[in-house]
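Notes follow the structure.
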Amino acid sequence: MEELLVKYFRPKLPHIWCPGCGNGIVTASVVKAIDKLQLDQDKTAIVSGIGCSSRASGYLNFDTLHTAHGRAIPFATGIKLVKPDHNVIVLTGDGDATAIGGNHFIHAARRNINLTVVVFNNSIYGMTGGQYSPLTPHRGMATTAPFGNVDRPFDLCELAKGAGATFVARATTYHANLLADLIAKAIEHKGFALVEAITACPVSFGRQNKMGTPANMIKWQRDNAVMVEAMAKMKPEQLEGKFPIGVLHQAEGTEYVTEYQKVIKRAMGSGE
Amino acid sequence: MKLKTNVKNCKGCGICVEFCPKKVLELDEVGKIKVAREADCIKCGQCELRCPDYAIFVMRDKK
Amino acid sequence: MAKAVLMQGNHACAEGAIAAGARFFAGYPITPSTEVAELLAKRLPQVGGSFIQMEDEIAGMAAIIGASLAGTKSLTATSGPGFSLKQELIGYASMAEVPCVIVNVQRTGPSTGQPTSPAQGDVMQARWGSHGDRGVIALSPSSVPECFTLTVEAFNLAEKYRTPVVLLLDEIIGHMREKFVMPDPASLTIVNRKKPALPPGEFLPYKPEADGVAPMPGYGEGYRFHTTGLVHDYTGFPSGSNAVTHELIERLHTKITNNIDDIVKYEALELDDAEVAVVAFGGTARSAYAAIESARAEGIKAGLFRPITIWPVPEKQLFTVAEKVKTIIVAEMNYGQYVGEVRRVVCGKANVVSLAKWNNDPITPNELLNAIKAGR
Ligand SMILES: Cc1ncc(C[n+]2csc(CCOP(=O)(O)OP(=O)(O)O)c2C)c(N)n1
Ligand code: SF4
Ligand code: SF4
Ligand code: SF4
Ligand SMILES: [Mg+2]
């Protein structure tokens, strides 16, 4: 990690995140993935929205863009269309990506545009102090759900798959090495790639939901995440409250920017 | 030296302490990371892997 | 020599964007602006550019900011409801100083209003629509050829001052067909953003030069700079400092106000001996030309002041007019928006009368002529 800090981080640490916040672990996994693939740092853009997690872009030594709440994906879409050979990685929160930015999320997945989207899912609006997000569990506590959350959450990975994403994976901060591997796979994938990173917000989610210390929250991830391959062999009663991690969906599909490059070729050829 | 810490960046969350299989680590009286029993460290890397603040590093063997 | 063709204002705007060097459009269809998108969907890939129809207007605005930051001149086009949706990100483009052009072909509002009817009700929204304080540039063409030249000008100003520029058309101008001769590209002045002279490491992405504007690198050029909508210092990173906030917000204004003589364009017609001046812009100016002609034919000393740059207001020039005339008639297709600006600027030097109309019909030459007669 020490060498990665020098190479891929700006000299801006310590970061702003609370003690025990999982965002630092997810960000490290992003950097490990980039390092694993030896991406050209000058041809990699990191785009984020607004929220605690979206502050990650500012710490990373690339062309970085901290956008507006919910809009990271369409900003990234503009970048990718005019810089087709750049890697464009979106770092976003569960609220950012699925509430205010939910429409952009599904449409980018539908287009199968070659973006890597890492959703830092802490099940809450962290930055604004613990209001429920579309990924807060049903009956979970939030400052705006003082009697428990009435909303039912999305299954983000199923949502992405249903919308047309061609690479969908999930890991947790407990499984930080797996997370890095999945992010690397997502970057390599040609098409819309989602990695859902289950991460702890001890301050705005953990406290209200009596999750204990940051370490306890990570243990919860350890105890409830199951490799998707193993899950297939488990009995229904063993699956209670468990969620799958690993590569959950991978498919072939025409990629948007590649297709649009063909349009440009045709249009330029036709003259007129 | 098996471990290196950056006490300045440590926020004292205790994650490394909790996940160390050999109970090598502690928080000191001001709640910062302290390598209490370095000799017991097996260099498994669990602490470094999940430190959210990049404040503890396992030294690589020089080959 | 290019031959004259009959062209619609919206199409002239799209051609102007191509001529200005724009190579990216992202937007969402809305009457009466859709023809801008439709033509660019065809024209952009022909010149190696990209067009994308997004899922909504917010996404269109986001995508053009992203594309512009990456290094490509970009635009979007919309009308009232979409212009409202874009406001947050227009403010983002101001704050992050990202050059881009927003075409708003105005229709009757509020809300869905009258989609196919002309209006000029977004004048104040162009100035104040996004939250917070910032300087603003907005241009308003009155003819098809001017749709072309002002689109080029909008890009030039956006690039020069690193700011979003709004092109305020109205349904009259957007859908009107007029004779248009494509200018020789070599005859056009095209401005491109300043590039950093300093190498990465020494370069501060938000440190302004004497003109109040910082040079701007693109993506992939090795600068690895950070952009945020948060208040930021010269490095581009967030700052909570009062002094930094004060200086930044002030500069977002002064980079425009200090260069107002370079930015402002207007037309002064028959004003030298005028007793009554009409202030009109966009489609309304067309009726004003006719009204002034009729008035002069009747021996009435009337003239026209047409702000081409409606933001910033051509204050000096307007004040000079006010010193000479008895009455200023502000004609606009809204409930009376620009008239407030005119009153502010002329400070009682002339009698300012509002000729406002908001019923979907353009202000007629006759209505203007009557107002001129009443104002003598
Ligand atoms: C348009 C807009 N609405 C609301 C906000 C306030 N806001 C900032 S961050 C945030 C929620 C962030 O939640 P999430 O995306 O899950 O990120 P986290 O902080 O949990 O990492 C909200 C509602 C805003 N900045 N902009
Ligand atoms: S509020 Fe939650 S998500 Fe935000 S920094 Fe603190 S722990 Fe992390
Ligand atoms: S995990 Fe890191 S920040 Fe937390 S106590 Fe250990 S060294 Fe400190
Ligand atoms: S490397 Fe393993 S044994 Fe050594 S301190 Fe870290 S967690 Fe404990
Ligand atoms: Mg969240």
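Every chain is numbered from 1, with letters handed out A, B, ... down the list of sequences.
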Would you call C:Glu159 and C:Lys73 a salt bridge, taking side-chain N to carboxylate O under 4.0 Å as the test? no
Measuring heavy-atom distances to chain A, does C:Pro238 have an atom under 4.5 Å in its side chain, in its backbone, in both, or in neither? side chain
Chain A shares the most heavy-atom pairs under 4.5 Å, among C:Ser50, C:Gly236, C:Ala70, with C:Ser50
Any pair with a residue in residues 38-82 of chain C that passes ring pair (Phe, Tyr, Trp, His ring centres under 6.0 Å), sequence neighbours left out, goes on the list, sorted by first then second residue, please. C:Phe25-C:Phe51
Kindly say whether the aromatic ring centers of A:Trp17 and A:Tyr59 come within a distance under 6.0 Å. yes
Interchain contact, A:Arg10 with chain C, by part (heavy-atom threshold 4.5 Å): side chain
Answer key: most heavy-atom pairs under 4.5 Å with chain A among C:Gly71, C:Gly49, C:Ala26 is C:Gly49
Apply the ring-ring contact (aromatic ring centres under 6.0 Å, His included) test between A:Phe192 and each candidate in A:Phe167, A:Tyr256, A:Phe105; give the one that qualifies. A:Phe105
Segment of A:Ser57 engaging chain C (4.5 angstrom heavy-atom cut-off): both
Non-hydrogen contacts under 4.5 angstrom with chain C: give the residues of residues 77-97 of chain A involved, or none if there are none. A:Thr77, A:Gly78, A:Ile79, A:Leu81, A:Val82, A:Lys83, A:His86
Heavy-atom distance under 4.5 Å to chain C: side chain of A:Tyr260, backbone, both or neither? side chain
Using heavy atoms and a sub-4.5 Å threshold, report which of residues 74-92 of chain C line up against chain A, by residue number. C:Glu88, C:Leu89, C:Tyr92
Write out, in numerical order, the residues from residues 221-230 of chain C with a heavy atom short of 4.5 Å from a heavy atom in chain A. C:Gly222, C:Tyr223, C:Arg224, C:Phe225, C:His226, C:Thr227, C:Thr228, C:Gly229, C:Leu230
